[in-house]
There are 2 protein chains.
Amino acid sequence: MIEARGLKKIYRMAKVEVRALDGVDLDVMPNEFLAIMGPSGSGKSTLMNLLGCLDTPTEGTYKLNGTEVSGLDDDELAAVRNREIGFVFQTFNLLARATSLHNVELPLIYSGVGGRNRHQRAMAALEKVGLADRADHRPNELSGGERQRVAVARALVNDPAIVLADEPTGTLDSKTSHEIMQLLVGLHENGQTIILVTHEDDISGYAHRGVKVLDGLIVSDERQTPR
Amino acid sequence: MIEARGLKKIYRMAKVEVRALDGVDLDVMPNEFLAIMGPSGSGKSTLMNLLGCLDTPTEGTYKLNGTEVSGLDDDELAAVRNREIGFVFQTFNLLARATSLHNVELPLIYSGVGGRNRHQRAMAALEKVGLADRADHRPNELSGGERQRVAVARALVNDPAIVLADEPTGTLDSKTSHEIMQLLVGLHENGQTIILVTHEDDISGYAHRGVKVLDGLIVSDERQTPR
Ligand SMILES: Nc1ncnc2c1ncn2[C@@H]1O[C@H](COP(=O)(O)OP(=O)(O)OP(=O)(O)O)[C@@H](O)[C@H]1O
Ligand SMILES: Nc1ncnc2c1ncn2[C@@H]1O[C@H](COP(=O)(O)OP(=O)(O)OP(=O)(O)O)[C@@H](O)[C@H]1O
Ligand SMILES: [Mg+2]
Ligand SMILES: [Mg+2]
């Protein structure tokens with residue numbers, strides 16, 4: 001599944017060097033449910049971007065299902081990413097001029113799913129996050145929490161083997177957060193792998209394993225009984 | 001100070017009408033500390049945008065320090081906004097190609113503060129949110145929580161009479177959240193008015209008054225003893 005060894009990400013700025021990740025080893029088996037926590041700026045999103053093949057490490061190796069990711073070219077990386085991984089970005093990254101429905105359809109368009117089937121699956125995903133009545137809204141016609149839920153629906157629509165969710169409930173009230181977490185729990189029961197970043201203790205409580213990050217390093221990794 | 005009566009905001013879409021605010025009355029006296037809570041999509045940000053003179057109501061009246069806001073033209077509105085109000089947007093709204101320092105200097109540039117003084121005040125504001133070492137980073141070179149803290153620093157740099165903060169700690173860990181809230185508490189002790197949107201109970205606990213919004217209406221408004 002996921003085997004990361006010695007992952008580093010170093011940004012060389014004009015005057016200073018930022019060591020966002022400073023040597024991370026992480027193994028994740030199929031169907032695990034993992035929560036990553038840590039202070040602001042500690043390297044959580046940087047790690048998620050590497051695990052999601054959205055960025056490349058400065059040093060270290062990363063194997064996804066036995067394949068060394070650094071050996072793949074851009075097209076191969078995009079194919080792996082689109083087939084295996086659903087990503088909820090911390091900044092949502094919705095297409096500004098597209099409706100909620102079209103944003104959610106995007107992963108299905110990339111994998112060549114036809115029009116009618118695509119429309120139905122995208123509507124079903126919007127329904128699951130409680131936004132069927134906002135299908136025609138563009139991102140600037142949605143509230144902060146609604147945009148986040150569209151981003152979650154887009155990550156789940158393609159039934160990916162691995163879901164990487166970076167603060168998926170950060171702007172949501174507790175009732176809506178709980179509904180989103182129930183979706184991820186359902187996927188986990190389905191056999192999918194869930195890796196979640198959160199700063200809220202009650203959200204990390206859904207996971208079976210808690211990983212703590214500090215200054216670009218994993219400082220603890222413990223099994224836990226989910227709520 | 002703030003006197004809102006019958007505020008409505010109605011979006012007429014192609015097929016449907018969204019009543020984001022459906023008749024809100026709200027009075028806020030000088031030096032109050034208010035928290036607004038409510039489910040995702042209930043109208044909190046819409047209300048804050050009206051209070052911050054960033055949008056205009058479909059119906060209703062809004063008086064800021066005795067002046068009816070709907071009677072002002074764009075330039076007068078911008079002058080009132082820049083002099084009286086510091087705003088932390090839910091979506092941060094940082095200038096993508098500007099550094100943290102330059103983003104925080106913006107309100108000072110609008111009010112005509114000179115170069116050296118501007119630089120010092122902006123650096124002091126970044127220091128208060130723990131980001132003096134990220135002054136030269138652009139938003140895409142910052143983590144999610146760091147961007148949020150730059151947005152907070154920008155809202156406070158001009159020492160505004162009213163601070164409107166829309167989920168100012170949404171992406172922050174509890175320690176960093178507490179540090180940001182201490183800044184707002186300090187401003188409140190200084191005599192400033194603080195209006196905060198949050199979905200986290202421990203954050204709303206800092207306020208002296210709790211307002212609950214549901215489906216575009218205020219459903220409760222209670223005094224509380226702050227933590
Ligand atoms: N430009 C627009 N056109 C149509 N509907 C809109 C527009 N902007 C907002 N809305 C709708 O108005 C409602 C209120 O939005 P608002 O942003 O005030 O919610 P909120 O309480 O801040 O929610 P959240 O906690 O998710 O940030 C939402 O249901 C949203 O879909
Ligand atoms: N392009 C970049 N150039 C320079 N530094 C960067 C860049 N991107 C991120 N950083 C720095 O790397 C560090 C780690 O960032 P990362 O986004 O992984 O943090 P995080 O743990 O996700 O924080 P948050 O909880 O605030 O989202 C931060 O201190 C940030 O300033
Ligand atoms: Mg992050
Ligand atoms: Mg909002």
Side-chain angles (χ1 to χ4, degrees), chain A residues 11-16 18 20 37-49 89-92 94 99 129-131 133-149 166-167 169-177 179-180 197-202 204 212-214, chain B residues 11-16 18 20 37-49 89-92 94 99 129-131 133-149 166-167 169-177 179-180 197-202 204 212-214:
Chain A
Y11 296 104
R12 298 203 167 65
M13 310 275 295
K15 293 185 214 127
V16 71
V18 176
M37 298 182 80
S40 173
S42 56
K44 302 182 298 296
S45 293
T46 305
L47 177 56
M48 292 286 272
N49 289 336
F89 298 92
Q90 188 173 3
T91 50
F92 313 158
L94 298 176
T99 63
V129 297
L131 287 178
D133 63 346
R134 294 286 183 267
D136 298 333
H137 289 230
R138 284 164 223 293
N140 72 338
E141 297 169 335
L142 295 170
S143 78
E146 289 169 341
R147 284 179 216 153
Q148 185 156 48
R149 284 185 279 156
D166 195 345
E167 313 251 18
T169 62
T171 60
L172 300 177
D173 55 281
S174 47
K175 181 168 160 289
T176 314
S177 294
E179 288 164 13
I180 296 295
V197 168
T198 183
H199 60 271
E200 296 174 73
D201 288 337
D202 54 349
S204 74
K212 290 209 165 49
V213 172
L214 190 65
Chain B
Y11 296 104
R12 295 185 213 295
M13 309 274 294
K15 291 180 216 138
V16 72
V18 176
M37 297 181 82
S40 174
S42 56
K44 303 183 297 295
S45 293
T46 305
L47 176 58
M48 293 286 273
N49 289 338
F89 298 92
Q90 190 173 3
T91 50
F92 312 158
L94 298 176
T99 64
V129 297
L131 287 178
D133 63 345
R134 293 288 184 265
D136 299 331
H137 289 230
R138 285 165 221 295
N140 72 339
E141 298 170 334
L142 294 171
S143 79
E146 289 170 340
R147 284 178 218 155
Q148 185 156 47
R149 284 185 278 158
D166 196 345
E167 314 251 16
T169 62
T171 61
L172 300 177
D173 56 279
S174 47
K175 181 168 158 290
T176 315
S177 294
E179 288 164 14
I180 296 295
V197 169
T198 182
H199 60 272
E200 296 176 71
D201 289 336
D202 53 350
S204 75
K212 289 208 168 42
V213 174
L214 190 66

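Remember, it's a predicted structure, so these values are computed and weren't measured experimentally. The chains referred to below are lettered A, B, ... by the order of the sequence lines, with proteins before strands, and numbering in each begins at 1.
- Summarising the geometry, atom OG belonging to Ser174(B) is positioned 7.5 Å from atom CE belonging to Met37(A); distances are rounded to the nearest 0.5 Å.
- When each of Asp173(B), Leu142(B), Thr198(B), Thr176(B) is scored by its heavy-atom pairs under 4.5 Å with chain A, the top score falls to Asp173(B).
- Between Ser40(B) and Glu146(A), the shortest heavy-atom contact is OG-N, 3.6 Å.
- For Ser42(B), the side chain to side chain contact (heavy atoms under 4.5 Å, CB included) criterion is met by Pro39(B), Lys44(B), Val213(B), not counting sequence neighbours.
- Per-residue heavy-atom pair counts under 4.5 Å with chain B were compared for Arg149(A), Arg147(A), Lys175(A), and the maximum is reached by Arg149(A).
- The most heavy-atom pairs under 4.5 Å with chain A, out of Gly130(B), Gly170(B), Ser45(B), come from Gly170(B).
- Contact record, His199(A) with Thr169(B): NE2-O, 4.4 Å, taken as the closest heavy-atom pair.
- Within the model, atoms CD of Glu141(B) and CE of Met13(A) stand 4.0 Å from one another, a figure rounded to the nearest 0.5 Å.
- Between Glu167(B) and Thr171(A), the shortest heavy-atom distance links the atoms OE2-O, 3.8 Å.
- Side-chain contact between Val18(B) and His137(A) is present, with heavy atoms from C-beta onward closer than 4.5 Å.
- Partners of Lys15(B) under the side chain to side chain contact (heavy atoms under 4.5 Å, CB included) rule, at least two apart in sequence or in another chain, are Asp136(A).
- Within the model, atoms CD of Gln148(B) and CD of Gln90(A) stand 9.0 Å from one another, a figure rounded to the nearest 0.5 Å.
- Between chain A and the residues Asp166(B), Val16(B), Leu172(B), the most heavy-atom pairs under 4.5 angstrom are made by Leu172(B).
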